[in-house]
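Lettering follows sequence order; numbering is per chain, from 1.
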Amino acid sequence: MAANSAAYEAIVRAGPRLNQLQQAHAHLIVTGYGQSRSLLTKLITFACSARAIAYTHLLFLSVPLPDEFLFNSIIKSTSKLRLPLDCVAYYRRMISSNVSPTNYTFTSVIKSCADLSASRIGKGVHCHALVSGFGLDTYVQAAFVTFYSKCGDLRAARKVFDRMPEKSIVAWNSLISGLEQNGLGEEAIRVFNQMRESPDSATFVSVLSACAQTGAIGLGSWVHEYIVREGLDLNVKLGTALINLYSRCGDVGKAREVFEKMKETNVAAWTAMISAYGTHGDGKEAVDLFNKMEEDYGPVPNDVTFVAVLSACAHAGLVEEGRSVYKRMSDSYGLVPKVEHHVCMVDLLGRAGFLDEAYGFIHHLDGIGKATSPALWTAMLGACKMHRNYDLGVEIAKRLIDLEPENPGHHVMLSNIYALRGKTDEVSHVRDGMMRNNLRKQVGYSVIEVENRTYMFSIGDESHQETGEIYRYLETLMSRCKEIGYAPVSEAVMHQVEEEEKEYALRYHSEKLAVAFGLLKTVDVAVTVVKNLRICEDCHSAFKYISVVSNRQIIVRDKLRFHHFQNGSCSCMDYW
DNA sequence: TTAGGGTTAG
């Protein structure tokens, strides 16, 4: 007994360190405990924590009759360590060994299925859990809510959740997070409002993300106030969610305030802040913060950080800074640039007008077998359109259509490029092709929040109570703009709009309606509008003039970045 | 021993 206890102590002392564990293992064998299931289980758990998966497996094979406890330990460890394939393999082995699973088995293996987005395997596990009698286990159910959400099957997630007799806080959080992560921010907020339990810090992280996604600054600030009032600990994840909230709702200053107040920061928090500056067009601040991160012995930047910095440089025209950052990525940090970094570089060079260099960059990648992503050509195409390189643009757009015929975006780009050159026949040809193949451009809409209520506008929208008033006000604004020099963007650009949009012309684009509504309903404050697509050229020009005639600041968040219109100019300096 | 949370290109 004493020897057994000493052996156990030796394993615990070794901890998740491979060398020490192997010594302890040798000792077990020498002292005759090499077959002890309980000691080997402990050893295996540590070996797995050390990520020594081959050794873990070897140890496992040395156990004569693995029991429920050993299987559960190894399934849980592999799941926690994000070794989902091993986890599923041990689960299968457990079944074939006729060892009965428990709720502990299921929660771990479901988590691994979620990590793998392995929809078919997970559904099989679900059936198995039901027939094994764990259909009403709160832990198992919550795990399934997460699993279905991560597979994008929100209906199934909802079904499991709705059938839970006792809905735990974790189940609520799983559903809210699942909705938010699948782009259903509004729905996530609705579910949050139905919650009867008191929310905890994980709830707020997901709710804040949902607010950031939808632009619901009213609820977002309420959550912030609640956190302060109730003295909730502003941990890193919560702080980062707040930075993201303020940034994506247009207030970088407030985002920075939160960042400065955080007691503990990490790479995600810094990256969120850098990204905030980047999307608001303040590339210099983004690069400064990145430099500070390096100088102050801040957290070590990761590949996500580099995407944020490079994108910030691209949007601000900081070509030399971008090149230097890209070089440092591998030279100083040993990170291998991935597709997203390559895309940033093509974007950086292309936007700045170095089309040849951008093209050469892709060809260089091609030469080393790394130019497989259509995203690279999409970035290149954007640059061609921006710098009016029609021939190359048409060539690339056609290539992209060959690569991804189902992507309506490529067809729209080709049509837009033809339109810019006045090739109306070609435009109709592309449009007809889209119609034939049932490819539709994404429907654009703009959202604005006034006094905690959100209002959504689509093009030529007449569904609002105050439609008459909004349209009349917009007319007045536009004629005042014309008096000081505004001219609608040329006829050629008009052809870029969808057929059914033409009748409304450019005048009633969703972002114009939303801005007019905002100006009408508020006094003195900046008007912030969120658009799901990129802002249109004419609206971009119009808002500069509107900021003058209304003497107000207009902030538009489009699909890619922010535009702050004030005193007749935009923060993007027309560089977008 | 179990389930849930933040950062990224086009």
So what does [X] touch, heavy atoms closer than 4.0 Å: a base, only the sugar-phosphate, or nothing?
{"X": "A:Lys338", "answer": "nothing"}
{"X": "A:Asn235", "answer": "base"}
{"X": "A:Asn72", "answer": "nothing"}

Nearest heavy-atom neighbours spanning A:Tyr246 and A:Ser221: OH-CA, 4.1 Å

What are the two closest heavy atoms between A:Arg37 and A:Val63, and how far apart are they? CG-CG1, 3.7 Å

Distances for protein N/O vs nucleotides 6-10 of chain B N/O pairs under 3.5 angstrom?
| residue | atom | partner | partner atom | Å |
| --- | --- | --- | --- | --- |
| B:dG6 | OP1 | A:Gln181 | NE2 | 2.5 |
| B:dG6 | N1 | A:Asn266 | ND2 | 2.9 |
| B:dG6 | N2 | A:Thr240 | OG1 | 3.2 |
| B:dG6 | N2 | A:Asn266 | OD1 | 2.5 |
| B:dG6 | N2 | A:Asn266 | ND2 | 2.8 |
| B:dG6 | N3 | A:Thr240 | OG1 | 3.4 |
| B:dT7 | OP1 | A:Asn244 | ND2 | 3.2 |
| B:dT7 | O2 | A:Thr271 | OG1 | 3.3 |
| B:dT8 | OP1 | A:Ser275 | OG | 3.3 |
| B:dG10 | OP1 | A:His315 | NE2 | 2.8 |
| B:dG10 | OP1 | A:Asp347 | OD2 | 3.1 |

Among A:Phe106, A:Tyr90, A:Phe60, which one satisfies ring-ring contact (aromatic ring centres under 6.0 Å, His included) with A:Phe71? A:Phe60

Fit a plane to each ring of A:Tyr91 and A:His128, take the angle between them on a 0 to 90° scale, and name the class: parallel (under 30°), tilted (30 to 60°) or perpendicular (over 60°). tilted

Ring geometry between A:Phe144 and A:His126 (parallel below 30°, tilted from 30 to 60°, perpendicular above 60°): parallel

For A:Phe290 and A:Trp270, I'd like to know if the aromatic rings sit close, meaning centre-to-centre distance below 6.0 Å. no

Short side-chain N/O contact from A:Lys80 to OP1 or OP2 of B:dA3, under 4.0 Å: yes

Rounded distance (Å) that lies between atom P of B:dT2 and atom CD1 of A:Ile74: 18 Å

